[in-house]
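Protein chains get the first letters and strands the later ones, always in sequence-line order, with residue 1 at the start of each.
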There are 2 protein chains.
Amino acid sequence: MSRSNPRVLSTLERAGGFASAQEIYRLMQREGESIGLTTVYRSLQSLVGDKIVDVLRRDDGEAIYRLCGDAHHHHLVCKSCGDTVEIEGGAIEKWAKVVAEEHGFREVGHTAEIFGLCSKC
Amino acid sequence: MSRSNPRVLSTLERAGGFASAQEIYRLMQREGESIGLTTVYRSLQSLVGDKIVDVLRRDDGEAIYRLCGDAHHHHLVCKSCGDTVEIEGGAIEKWAKVVAEEHGFREVGHTAEIFGLCSKC
DNA sequence: ATGGGAATGAAAATCATTTTCATTTGTGGT
DNA sequence: ACCACAAATGAAAATGATTTTCATTCCCAT
């Protein structure tokens, strides 16, 4: 069994605790780190197995990895230029929790994203 | 723009209102229907666009299509058994709108899903 | 009939992810 | 140092869902 390459975790942290395997790979490349895509995938799998990171799915099916216990935030994304704003989701957190508990769900998480056209587009 | 092939919708209904594109295709083949995979995908896209079906993601990333009511709603999904509850998102709607407007975004939409372990799992 | 737009599907392209496999690296024992 | 063996690495190929391309067929109004 392979262990996680620590640079992958550190890159995920630097990415705001939220990124896809491909993004992490590209980020490391851009920063001049020498690593293979395969190792990125393997490291992420291992981190998921160790419950150090969570895996979610984007709408397009791409897997995104997130540090567990990370105080997470949401995104406001421009459909046209891709500009992204990080936003707090206090209201959402509460809503998700309440709704889930009403239905007897445990270990609850959620995803939420807002998209639209930014002022420049 | 292409329209939905009615046999696709009818097959989705027969599948319990819940299936992937590949499954619908295989099902139609097995039943002797002559249809191409491309048409299945196109029909499903069109049905999603018309809000006649919903699209979710399996853990492996495969898209699953599901008949749903017409009102805009969100989902509470069990990570383990896949059981799904449709929920109202009044709070979310308002939150998305307010946050987006604060940042000058127009034509705003959003996605939100809650996941966890249901009482049976 | 006939012309044009919509629908169809086979095949190729795309893209994330996994698998294979040969090579490199690290580690412990002598 | 040296050797042996396990673990880690990554390039390339395989996989599998989905999308795109494009030539063909279908349908319908003129």
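Between B/R58 atom CZ and D/dG16 atom P there is a gap of 15 Å when expressed in whole angstrom units. Between the CE atom of A/M28 and the P atom of D/dT9 there is a distance of 10 Å, given to the nearest Å. Rounded to whole angstrom, the span from the OH atom of A/Y25 across to the C1' atom of C/dT18 amounts to 16 Å. For the pair A/R7 CZ and D/dA8 C1', the computed distance is 11 Å after rounding to whole Å. What separates CD1 of A/I35 from P of D/dA11 is a distance of 11 Å, to the nearest Å. Rounded to whole Å, atom P of D/dT15 lies 17 Å from atom CG of B/D60. Atom-to-atom, CZ of B/R3 to C1' of D/dC28 comes out at 14 Å; the value is rounded to the nearest Å. At whole-Å resolution of the value, CG in B/L44 and P in C/dG9 are 14 Å apart.
Residues meeting the side chain to side chain contact (heavy atoms under 4.5 Å, CB included) test with A/D50, sequence neighbours left out: A/S46, A/I52.
Annotation: side chain of A/R14 is in contact with side chain of A/T11 (closest heavy-atom distance under 4.5 Å).
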For residues 32-41 of chain A, run the donor-acceptor check on the side chains, cut-off 3.5 Å, and write out each pair with its distance to 0.1 Å, sequence neighbours left out.
unit_1 : atom_1 : unit_2 : atom_2 : d
A/E33  : OE1    : A/R7   : NH1    : 3.0
A/Y41  : OH     : A/Q22  : NE2    : 3.0

Could you list the donor-acceptor pairs under 3.5 angstrom formed between side-chain atoms of residues 60-67 of chain B and any protein atom two or more places apart in sequence or on another chain?
unit_1 : atom_1 : unit_2 : atom_2 : d
B/D60  : OD1    : B/E62  : N      : 3.0
B/E62  : OE1    : B/R58  : NH1    : 3.3
B/E62  : OE2    : B/S20  : OG     : 2.9
B/R66  : NH2    : B/H75  : NE2    : 2.6

Just list the side-chain donor-acceptor pairs under 3.5 Å for residues 95-109 of chain A, sequence neighbours left out, or say none.
unit_1 : atom_1 : unit_2 : atom_2 : d
A/H103 : ND1    : A/V99  : O      : 3.0
A/R106 : NH2    : B/C118 : O      : 3.1
A/R106 : NH2    : B/C121 : O      : 2.3

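An OP1 or OP2 oxygen of C/dT8 is reached within less than 4.0 angstrom by a side-chain nitrogen or oxygen of B/N5.
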Please list each protein N or O that sits under 3.5 Å from an N or O in nucleotides 17-20 of chain D, with the distance.
unit_1 : atom_1 : unit_2 : atom_2 : d
D/dT18 : OP1    : B/A63  : N      : 2.8
D/dT18 : OP2    : B/Y41  : OH     : 2.6
D/dT18 : O5'    : B/Y41  : OH     : 3.3
D/dT19 : OP2    : B/Q45  : NE2    : 3.0

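If you check the side chains of B/H110 and A/H74, you find no donor sitting under 3.5 Å from an acceptor.
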